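Have a look at the structure below before the remarks.
Just so it is clear, the model here is predicted, and its values are computed rather than measured. Only this structure's heavy atoms are used, side chains among them; waters, hydrogens and symmetry mates stay out. All ligand and atom numbering here is 1-based and tracks the order in the structure.
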Amino acid sequence: MTDTLTIAIDGPAASGKGTIARQIASYFELRHLDTGSLYRGVAAMVRDQGIFPTDGDAVARIADSLTIDVLERDDLRDAGIGNLASIVAAHPQVRESLMQWQRNFAMGGAVLDGRDIGTVVLPDANAKLFVTAEIDVRAARRWRELSAQEDIAYRTVLDSIEERDRRDAERSTAPMVHAEDTDLLDTTEMSIEQAVAEALRLVNKQIKAA
Ligand code: CDP
């Protein structure tokens, strides 16, 4: 069963979905793809090449040329790249360009995390979670991560996450949404260990019910 298992984990910025996805993948011995890194990779190339992020066709050409080595860049987690990623991710032609990449990765079983995995990329996934947490908790988590690398104020992180959440939820193509067929996991009051344990319980419940 494990070799054909696909698991979709969506949610807003700094909700804990990446850590949960990695640990679920390790539990089921599946590969894991952080799909945000694809959009972050495109954003980094857009910035390097001085392309206007609002030019959807030019950004889609960058997405078409994306190679795996870009995903190894160590500037992908910078706050500026996160914001630029959400701007380039709103173009339908960019999302289309990255779609096959993600589906190919999922073939044979995988855990993917992102914003539209359960709704658009893998609508038939065996298990789907939407991981969230209150905004101030998410901002504090992200501020702790970022301030280890760069000098950044908590307020800047909070504003940037709010803006990104709004952009991701309001875009017309593949908006971030908690879909009805997806279990909600609110990690506001949870430690990482508790969140992972609860995520595993929900995933196992969905797999058994299928
Ligand atoms: O780690 P964090 O949740 O902050 O962000 P991320 O998952 O790395 O995603 C960065 C940005 O890429 C998001 O704000 C979205 O705009 C975009 N994204 C998307 O549109 N669809 C996905 N499946 C994954 C990310």
Check: Taking atom types as modelled, is there a side-chain donor on Asp64 or Ser97 under 3.5 Å from an acceptor on the other?
Finding: yes

Item checked: Qualifying residues under ring pair (Phe, Tyr, Trp, His ring centres under 6.0 Å), relative to His91, sequence neighbours excluded -> none

Notebook entry, point to check: Below 4.0 angstrom, N of the basic side chain to O of the carboxylate: do Arg138 and Asp165 qualify?
Noted result: yes

Quick one: ligand 1 N/O to protein N/O pairs below 3.5 Å?
{"residue": "ligand 1", "atom": "1 (O)", "partner": "Arg77", "partner atom": "NH2", "Å": "2.8"}
{"residue": "ligand 1", "atom": "1 (O)", "partner": "Arg142", "partner atom": "NH2", "Å": "3.4"}
{"residue": "ligand 1", "atom": "3 (O)", "partner": "Lys17", "partner atom": "NZ", "Å": "2.5"}
{"residue": "ligand 1", "atom": "3 (O)", "partner": "Arg115", "partner atom": "NH2", "Å": "3.1"}
{"residue": "ligand 1", "atom": "4 (O)", "partner": "Arg40", "partner atom": "NH2", "Å": "3.4"}
{"residue": "ligand 1", "atom": "4 (O)", "partner": "Arg142", "partner atom": "NH1", "Å": "2.7"}
{"residue": "ligand 1", "atom": "4 (O)", "partner": "Arg142", "partner atom": "NH2", "Å": "3.4"}
{"residue": "ligand 1", "atom": "4 (O)", "partner": "Arg164", "partner atom": "NH1", "Å": "3.4"}
{"residue": "ligand 1", "atom": "4 (O)", "partner": "Arg164", "partner atom": "NH2", "Å": "2.8"}
{"residue": "ligand 1", "atom": "5 (O)", "partner": "Arg40", "partner atom": "NH2", "Å": "3.3"}
{"residue": "ligand 1", "atom": "5 (O)", "partner": "Arg115", "partner atom": "NH2", "Å": "3.3"}
{"residue": "ligand 1", "atom": "5 (O)", "partner": "Arg164", "partner atom": "NH1", "Å": "3.3"}
{"residue": "ligand 1", "atom": "7 (O)", "partner": "Arg115", "partner atom": "NH1", "Å": "3.1"}
{"residue": "ligand 1", "atom": "8 (O)", "partner": "Arg40", "partner atom": "NE", "Å": "2.6"}
{"residue": "ligand 1", "atom": "8 (O)", "partner": "Arg40", "partner atom": "NH2", "Å": "3.4"}
{"residue": "ligand 1", "atom": "8 (O)", "partner": "Arg77", "partner atom": "NH1", "Å": "3.4"}
{"residue": "ligand 1", "atom": "14 (O)", "partner": "Arg115", "partner atom": "NH2", "Å": "3.4"}
{"residue": "ligand 1", "atom": "14 (O)", "partner": "Arg164", "partner atom": "NH1", "Å": "2.8"}
{"residue": "ligand 1", "atom": "14 (O)", "partner": "Asp168", "partner atom": "OD2", "Å": "2.7"}
{"residue": "ligand 1", "atom": "16 (O)", "partner": "Asp168", "partner atom": "OD1", "Å": "2.5"}
{"residue": "ligand 1", "atom": "16 (O)", "partner": "Asp168", "partner atom": "OD2", "Å": "3.3"}
{"residue": "ligand 1", "atom": "20 (O)", "partner": "Arg95", "partner atom": "NH1", "Å": "2.8"}
{"residue": "ligand 1", "atom": "20 (O)", "partner": "Arg95", "partner atom": "NH2", "Å": "3.4"}
{"residue": "ligand 1", "atom": "20 (O)", "partner": "Arg171", "partner atom": "NH1", "Å": "2.9"}
{"residue": "ligand 1", "atom": "20 (O)", "partner": "Arg171", "partner atom": "NH2", "Å": "3.0"}
{"residue": "ligand 1", "atom": "21 (N)", "partner": "Arg95", "partner atom": "NH2", "Å": "2.9"}
{"residue": "ligand 1", "atom": "23 (N)", "partner": "Thr35", "partner atom": "OG1", "Å": "2.9"}
{"residue": "ligand 1", "atom": "23 (N)", "partner": "Arg115", "partner atom": "N", "Å": "3.1"}
{"residue": "ligand 1", "atom": "23 (N)", "partner": "Asp116", "partner atom": "OD1", "Å": "3.0"}

Note to self: Between Arg115 and Asp168 (salt bridge meaning N to carboxylate O under 4.0 Å), is one present in this structure?
What the structure shows: yes

Check: Is it true that Lys128 and Asp181 have a side-chain N and a carboxylate O under 4.0 angstrom from each other?
Finding: yes

Note to self: Side chains of Arg164 and Ser86 only: does a donor on one sit below 3.5 Å from an acceptor on the other?
What the structure shows: no

